[in-house]
There are 2 protein chains.
Amino acid sequence: MKNPYRHNVVLGVFKLKLKTLNTPSLEEAAAFIKSALLEKATIIIIGECRVDYEGRGASRLELGERFVVIKQDGSVLVHRPTGFSPVNWQPPASVIEVAFRREIGLLVHAVRESPREYLTVVFTRVNLVVSAKLVDAGEFVMYVDEPTMRDVIAETPSLVEEGLRVLAVEKPVGSGKVDLYGVDKNGRPVLVELKRTTATREAAIQLKHYVEAFKREHGQQPRGILVAPAFSPSAIETLLRLGLEYRHVDLKKVWLLVKQKQRKRIPSLEDFSKK
Amino acid sequence: MKNPYRHNVVLGVFKLKLKTLNTPSLEEAAAFIKSALLEKATIIIIGECRVDYEGRGASRLELGERFVVIKQDGSVLVHRPTGFSPVNWQPPASVIEVAFRREIGLLVHAVRESPREYLTVVFTRVNLVVSAKLVDAGEFVMYVDEPTMRDVIAETPSLVEEGLRVLAVEKPVGSGKVDLYGVDKNGRPVLVELKRTTATREAAIQLKHYVEAFKREHGQQPRGILVAPAFSPSAIETLLRLGLEYRHVDLKKVWLLVKQKQRKRIPSLEDFSKK
DNA sequence: CTATGCATGTCGATA
DNA sequence: TATCGACGTGCATAG
């Protein structure tokens with residue numbers, strides 16, 4: 001047989017280089033995957049497998065149908081048919097070995113140093129293997145996130161309080177950095193801690209830490225204001241108990257200001273959805 | 001043409017039901033994916049795409065080659081050729097729509113309510129589509145995690161301190177729960193906070209919160225002990241400043257005790273790896 | 001449903 | 001390399 005792979009198809013040589021291998025024997029699959037690893041391709045394996053992991057934690061996954069992804073940087077993902085998270089994985093830069101063992105099956109072994117971790121996938125059946133050399137230089141921009149929110153409020157401090165003047169962002173205080181530092185209309189120092197999502201008790205405690213560190217370092221008691229779109233009950237209880245303040249911020253207002261700054265309008269997703 | 005799909009292959013009907021579609025037109029891909037969605041299959045699309053997201057945040061990903069997974073429960077993952085994390089995603093139970101638009105391309109639109117979030121993938125080229133009905137009832141056991149560590153130490157408190165008696169696990173204190181509550185050999189109350197990984201300043205602050213809440217509720221100052229395999233410098237600094245204690249715990253010892261309790265030995269991964 | 005805390009969290013920035 | 005804090009964190013669990 002000239003070609004050791006059944007149903008082997010090579011497509012789009014000049015663009016995405018992609019190969020598929022349908023219903024191979026485990027031995028054929030092993031050869032195909034080894035070759036794809038040498039090419040540093042992204043590999044997707046669909047079939048029936050068991051998974052063992054040992055490292056920072058330890059787990060065992062019994063037999064079932066899943067798909068396994070080996071990426072071009074050595075990361076490995078084992079995905080079940082439901083759920084966002086992979087059930088098992090190995091981070092980038094893992095060393096990957098593939099072997100066929102007659103008595104066991106197709107082994108995909110990923111090892112990582114520091115911390116030392118092992119992931120072993122044992123396939124008892126392979127339905128499909130895909131190998132693809134993906135080229136992806138597309139820019140990724142997250143344009144509504146915590147840094148954005150911080151910058152917008154730094155430029156428009158009235159969103160927090162009238163008369164507030166912001167003097168620094170990410171000001172080092174103690175062993176950390178407070179999001180915003182400024183003075184209020186009475187000239188009193190103000191520390192602002194920002195949360196993009198609902199603020200928890202932890203955020204209140206974090207702010208308290210900054211307030212105390214500031215007092216130790218500057219000998220002056222600053223106001224501490226926690227700014228967030230919402231607050232958990234325990235956050236409010238803790239804030240009041242610790243003598244701190246809080247302000248709601250309307251994320252929609254922040255977004256509006258962000259979009260005003262961005263000249264080129266980003267098309268709404270509604271434009272794509274049907275009426 | 002009887003079959004609207006080129007290179008359509010149906011395999012393993014009695015086991016994993018899998019179909020592939022090679023180098024389809026965008027229109028063919030749309031039809032194939034719609035059909036697969038009706039079957040509630042796991043779908044993998046490999047090709048060139050752009051991605052927009054808007055919801056809790058907002059992002060745009062420019063053109064590049066990726067693979068997109070639509071799982072049987074409505075979760076969507078957009079993966080670049082490197083990295084553990086998907087660059088974009090939609091959680092389970094999202095509503096998915098697929099459409100072909102001559103001027104735009106192949107649209108995969110995933111919408112989620114509460115919070116309202118949109119994900120739109122626009123394919124300009126599709127190299128491969130895979131549809132697979134995966135059946136996965138395999139049990140997943142994580143046998144070294146924080147609850148395990150807590151239970152082991154609860155049964156063997158000498159790992160923390162000689163003479164310590166544990167009276168409660170997950171004891172409610174204030175608005176949270178402390179991992180272990182007990183009394184030392186002198187009858188003084190002890191609160192133990194456990195970390196499975198290196199303890200940070202946050203962990204120390206969390207423990208302090210429990211100690212203060214306990215004092216408020218019981219009128220008695222308890223000892224607070226942070227137990228972890230390692231401690232960051234700022235954690236130690238904070239612990240000392242707050243009058244708290246810390247103890248190293250050897251995870252290997254904990255594992256040994258776990259494995260002793262588990263009668264059936266879990267096979268080592270070394271058994272699979274070559275000599 | 002919200003609130004809370006763990007996670008093999010991952011990831012990026014920084015010292 | 002280790003530490004630190006954000007994350008569209010996800011996720012289970014308790015109330």
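Residue numbers start from 1 in every chain, and the chains themselves are labelled A, B, ... in the order their sequence lines are given, proteins ahead of strands. Note that the structure is predicted; figures quoted are calculated from it, not measured.
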(message) What's the gap between D:dA14 and C:dT8 when it is taken at their C1' atoms, as a whole Å value?
(response) 25 Å

(message) Can you tell me which nucleotide in D:dG5, C:dG5, C:dT8 comes closest to the side chain of B:Q206?
(response) C:dG5

(message) Are A:V78 and A:P86 packed together at the side-chain level, in the sense that at least one heavy-atom pair is separated by less than 4.5 angstrom?
(response) no

(message) So B:G55, base contact, sugar-phosphate only, or nothing? Heavy-atom distance under 4.0 Å.
(response) nothing

(request) Identify whether any heavy atom of A:E193 sits under 4.0 Å from a base atom; if not, whether one sits that close to sugar-phosphate; answer base, sugar-phosphate or nothing. (result) sugar-phosphate

(request) Return the 5'-most residue of the pair A:A199, A:G57 with respect to DNA chain C, ranking by each residue's nearest nucleotide. (result) A:A199

(request) Rounded off to whole Å, could you give me the CG-to-P distance for the B:L251 and C:dA7 pair? (result) 11 Å

(message) Side chains of B:L180 and B:V227, heavy atoms from C-beta outward: is any pair under 4.5 Å?
(response) no

(message) Quick check for you: among D:dC7, C:dA3, D:dG5, whose closest atom lies nearest to any side-chain atom of B:R201?
(response) D:dG5

(message) Distance criterion of 3.5 Å, no angle test: do you see the side chain of B:Q90 paired donor-to-acceptor with the base of D:dG8?
(response) yes

(request) Verify the distance criterion only: is there a donor paired with an acceptor across the side chains of A:T42 and A:Q72 at less than 3.5 Å? (result) yes

(request) Measure from OH on B:Y53 to C1' on D:dC7 and round the result to the nearest Å. (result) 11 Å

(message) Please pick, from C:dT8, D:dT1, C:dC6, the nucleotide with the shortest atom-to-atom distance to any side-chain atom of A:E117.
(response) C:dT8

(request) Report the distance from atom CD of B:E146 to atom P of D:dA12, rounded to the nearest whole Å. (result) 16 Å

(request) Considering only atom P, compute the distance from C:dT4 to D:dG8 and round it to an integer number of Å. (result) 22 Å

(message) Strictly below 4.0 Å: does B:Y210 bring a side-chain N or O up to OP1 or OP2 of C:dG5?
(response) yes

(request) Measure from the side-chain heavy atoms of B:S234 and tell me the nearest of D:dA6, D:dC4, C:dA7. (result) D:dC4

(request) Report the residues that fulfil ring pair (Phe, Tyr, Trp, His ring centres under 6.0 Å) with A:W89, sequence neighbours left out, ordered by chain and then residue number. (result) B:F84

(message) With heavy-atom distances below 4.5 Å as the criterion, would you say the side chains of A:R66 and A:H79 are in contact?
(response) no

(request) Would you tell me if any nitrogen or oxygen in the side chain of A:T197 comes within less than 4.0 Å of OP1 or OP2 on D:dG8? (result) no

(request) Summarise how protein sits on nucleotides 10-15 of chain C as a single string, 5' to 3': B when a protein heavy atom is under 4.0 Å from the base, S for sugar-phosphate-only contact, - for no contact. (result) SS----

(request) Name the residue closer to the 5' end of DNA chain D, choosing between B:V87 and A:G176 according to the nucleotide with the nearest heavy atom. (result) A:G176

(request) Indicate whether any N or O donor in one side chain lies under 3.5 Å from an N or O acceptor in the other, for A:T148 and A:D151. (result) no

(request) Verify the contact: side-chain N or O of A:S232 to OP1 or OP2 of C:dT4, cut-off strictly under 4.0 Å; return yes or no. (result) yes

(request) Measure from the side chain of B:M142, starting at C-beta and using heavy atoms only, and say which of D:dT1, C:dA3, C:dT8 lies closest. (result) C:dT8

(request) For B:D179 and D:dT13, give me the distance from atom CG to atom C1', rounded to whole Å. (result) 15 Å

(request) Test for a donor-acceptor pair under 3.5 Å between the base of C:dT8 and the side chain of A:N88, counting only N and O atoms. (result) yes

(request) Evaluate the side-chain proximity of A:K208 to A:E212: yes if any heavy-atom separation is below 4.5 Å, no if none is. (result) yes

(message) Distance check needed: D:dA12 P versus B:D145 CG, whole Å only.
(response) 13 Å

(request) Please tell me which of A:A235 and B:S114 maps to the more 5' nucleotide of DNA chain C, matching each residue to the nucleotide holding its nearest heavy atom. (result) B:S114

(message) Distance check needed: C:dC6 P versus B:L207 CG, whole Å only.
(response) 12 Å

(request) Could you check if a side-chain atom of A:L63 sits within less than 4.5 angstrom of a side-chain atom of A:E48, using non-hydrogen atoms only? (result) yes

(request) With the side chain counted from C-beta on, respond yes when B:R50 and B:E62 share a heavy-atom pair under 4.5 Å apart, and no when they do not. (result) yes

(request) Kindly say if A:K195 contacts the phosphate of D:dC7, meaning a side-chain N or O under 4.0 Å from OP1 or OP2. (result) no

(request) Could you check how far CE of A:M149 sits from P of D:dA6, rounded to whole Å? (result) 12 Å

(message) With a 4.0 Å cutoff (strictly under), does any side-chain N or O of A:T200 reach OP1 or OP2 of C:dG5?
(response) no

(message) Just the rounded figure in Å: distance from C1' of C:dG5 to NE2 of B:H209.
(response) 12 Å

